[in-house]
Q: 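Here it is, the structure, as structure tokens.
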Amino acid sequence: MSIRLRLTLWYTAILSATLLLLGLGLYLFLHYIYYDNLKSEIQQQAGGVASRIKPQLNTLGQYSLIPNIRDLPKTNNVIYQVTNLVTGEVISLPDAEQTGMKIPDVTDEKVKCILNGQCQFEKVSIQGYSFMVYYVPLVQQYTNNVLGVMQAAYSIEQYESLLALLRLVLTVIGLISVLIAASVGWFLARKALRPIEQVIVATNRIEKGIDLDKRIEYTGPNDEIGELTQTINGMLGRLQNAYTELEEAYGAQRRFVSDASHELRTPLTTIRGNMELLEKMWKQTALTSGEQDNAKMELTLEAMHDISGEAERMSRLVNDLLSLARADAGFQMTKGEVELQPLLDEIARKAQLLPKTAEWIVGQTKAAEGVYVHGNEDYLRQLLFIFLENAFKYTEQGNVRLDTLRHGGQIGIRIEDTGIGMDKSEIPLIFERFYRADPSRGRKSGTGLGLSIAKWIIDEHQGSVEVKTRKDEGTTFIIWLPIAAEWSSKTPQARDNSLRPRNQV
């Protein structure tokens, strides 16, 4: 539930409770005032009538209670009824048969309640009309015996109609007020929280790395929202400056690595060429020199070998740095459909010439027959040689094996060795730059950049790599590449036509 909705609901609930208390209080107050005045008026009027009713003995020696019609107040809203508790006689004034209005008879329980002073007033319905009935006991003056009960019924239809109208008006006004207040509250909450929505939009843009120069527009008062907006705008400004400085630093670093790599390649190539030339010249001179001169030449040649080896290692490092600089700069390699089987055959043939002490085994590669992947042939070749050189480097005895497998729409190139392996906890780190998984690997020549370059090439080909390893037992790398096309069922002529470059990016 959003803050805007919660604020609107809270505001509406508080207003509803306030209106309910106000309306209920007004209704109860008017109800009490009207009926209290009405009871006083009925009590005064009925008391005067009851005082004029004189008990009279009849021929049977019983008291009769006959009110004098001339003593009754002239009003159409009051109905009188006298009940003789001795004889059971009931007299209605005006006559109930003529008006159709008859007050309910008095029961024994009602008489007891009246004598206790509790049931003086009662609301009753007569012929569908509402009346307020007042009960007055008729007592013999000298003996204080209760001879009968007089009922004075006063019509309260106008009061009931007025109170019903009041209830309707209060209900309608309350509902309309709540609806209007909820609508206005929703609008005001939206207006008040709009700067926060702008903060969310600006934050989302920052998360996506775009529009860092965007600021939150706020034209309201300098309240809490205004202060929050100013604070966030200041923070955005500092973030923009920091991000700009960081981008400039990264750009300068990438340019430096790229420029340095380009600049170092030329002198390193020159050094290697001159060292090879000097080595050839010293070998020719050694054939015509004496034994003492031969010893000096051997020392000189050994020094040349060391210089040449270091120059070669630096050349590999420079090439690796140049590849990574291209990757950081967003270099897009040229891609096309590459047939995988001929590439694997070439790799298998050239891998025999790599420096190695382990046995080289080429397993089944039928899964790659007729399979094409969308990529760059040169970079795929570099990718496979990186894994093969690592496998030979860290496998002093045993074997290194190359084969292929299929899974769904992907082709897997598996390179398995029986070398020193590594801990499983180190697998997530082996593709980081300059990381050497095992201390013993430090004794092997290398820059620690090969697997980083391999991971970049795999990512550029929308592939993935699976690693299985066990300490001192070996490591298996499976390079998964999506299959772009299969031509195994085509004729050789159609297969040759399919090798033409197309859809290159």
Side-chain angles (χ1 to χ4, degrees), residues 305-306 308-321 323-324 327 343-344 346-365 367-368 379-405 407 411-459 461 463-481:
H305 280 299
D306 293 339
S308 179
E310 290 300 319
E312 184 177 358
R313 189 177 72 85
M314 290 183 65
S315 296
R316 290 197 300 270
L317 176 59
V318 168
N319 289 330
D320 291 344
L321 289 175
S323 297
L324 292 176
L343 179 62
L344 293 178
E346 179 187 354
I347 297 296
R349 177 176 56 83
K350 292 184 178 180
Q352 299 177 358
L353 305 178
L354 294 176
K356 59 184 182 296
T357 57
E359 181 182 1
W360 170 236
I361 300 175
V362 180
Q364 292 290 338
T365 59
Y379 280 102
L380 289 174
R381 186 181 293 107
Q382 180 183 2
L383 169 67
L384 296 176
F385 272 115
I386 288 174
F387 284 106
L388 288 175
E389 288 175 352
N390 275 352
F392 285 127
K393 185 185 302 182
Y394 300 113
T395 306
E396 297 182 355
Q397 57 183 2
N399 60 76
V400 176
R401 181 184 181 87
L402 171 69
D403 59 7
T404 58
L405 61 159
H407 180 74
I411 181 72
I413 305 172
R414 179 165 54 193
I415 300 174
E416 182 179 4
D417 65 64
T418 59
I420 62 176
M422 58 185 135
D423 292 330
K424 292 183 178 181
S425 60
E426 297 173 328
I427 293 178
L429 305 175
I430 60 176
F431 294 102
E432 294 184 1
R433 300 177 185 181
F434 301 105
Y435 180 78
R436 312 296 295 277
D438 192 272
S440 63
R441 294 172 179 251
R443 297 193 294 266
K444 301 291 184 178
S445 61
T447 61
L449 298 176
L451 291 181
S452 299
I453 298 174
K455 186 63 169 61
W456 168 65
I457 297 175
I458 293 173
D459 292 340
H461 287 79
S464 60
V465 59
E466 181 180 350
V467 185
K468 301 178 182 178
T469 184
R470 187 181 294 272
K471 188 72 173 179
D472 298 326
E473 294 185 12
T475 304
T476 300
F477 289 94
I478 304 178
I479 305 166
W480 294 100
L481 298 173

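The basis for the numbers below is simple: all heavy atoms, side chains too, and nothing from hydrogens, waters or symmetry mates.
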Q: Enter the distance from M422:CE to E473:CD here, rounded to the nearest 0.5 Å.
A: 13.5 Å
Q: Mind checking whether L344 and L384 have side chains closer than 4.5 Å, heavy atoms only?
A: yes
Q: To the nearest 0.5 Å, what is the distance between CZ (R401) and CZ (R414)?
A: 7.5 Å
Q: Quick check: closest heavy atoms across W360 and V400, and the distance to 0.1 Å?
A: CE3-O, 3.4 Å
Q: Can you name the nearest heavy-atom pair linking L481 to I413, along with the distance?
A: CD1-CD1, 4.5 Å
Q: Which pairs of donor and acceptor atoms, one on a side chain in residues 348-356, lie under 3.5 Å apart (sequence neighbours left out)?
A:
residue	atom	partner	partner atom	Å
K350	NZ	E346	OE2	2.8
K356	NZ	Q352	O	2.4

Q: Find the distance between CD (E389) and OH (Y394) and round it off to the nearest 0.5 Å.
A: 11.0 Å
Q: Counting distance only, does the side-chain N/O of T365 pair as donor-acceptor with the main-chain N or O of D403 below 3.5 Å?
A: no
Q: How far apart are the closest heavy atoms of I415 and A391, and which atoms are they?
A: CG2-CB, 4.4 Å
Q: Work out which heavy atom in T357 is nearest to a heavy atom in Q397; give both atom names and the distance.
A: OG1-N, 4.4 Å
Q: Looking at K471 and D423, what are the two nearest heavy atoms and their distance?
A: CD-OD1, 3.8 Å
Q: Rounded to the nearest 0.5 Å, how far apart are CG of L343 and CG of L380?
A: 6.0 Å
Q: Does any non-hydrogen side-chain atom of L405 lie less than 4.5 Å from one of W480?
A: yes
Q: What's the separation between atom CG in L388 and atom CG in D417, rounded to the nearest 0.5 Å?
A: 10.0 Å
Q: About how many Å separate CD1 of I457 and CZ of R381, when rounded to the nearest 0.5 Å?
A: 11.5 Å
Q: Is the backbone N or O of N399 less than 3.5 Å from a side-chain atom of T418, with the two atoms forming a donor-acceptor pair by type?
A: yes
Q: Between T475 and T469, is there a donor-acceptor pair closer than 3.5 Å when you use the side chain of the first and the backbone of the second?
A: no
Q: How close do I427 and I430 get, counting heavy atoms only, and between which atoms?
A: O-CG1, 3.2 Å
Q: Any idea how F387 and F477 line up, ring-wise: parallel (<30°), tilted (30 to 60°), or perpendicular (>60°)?
A: tilted
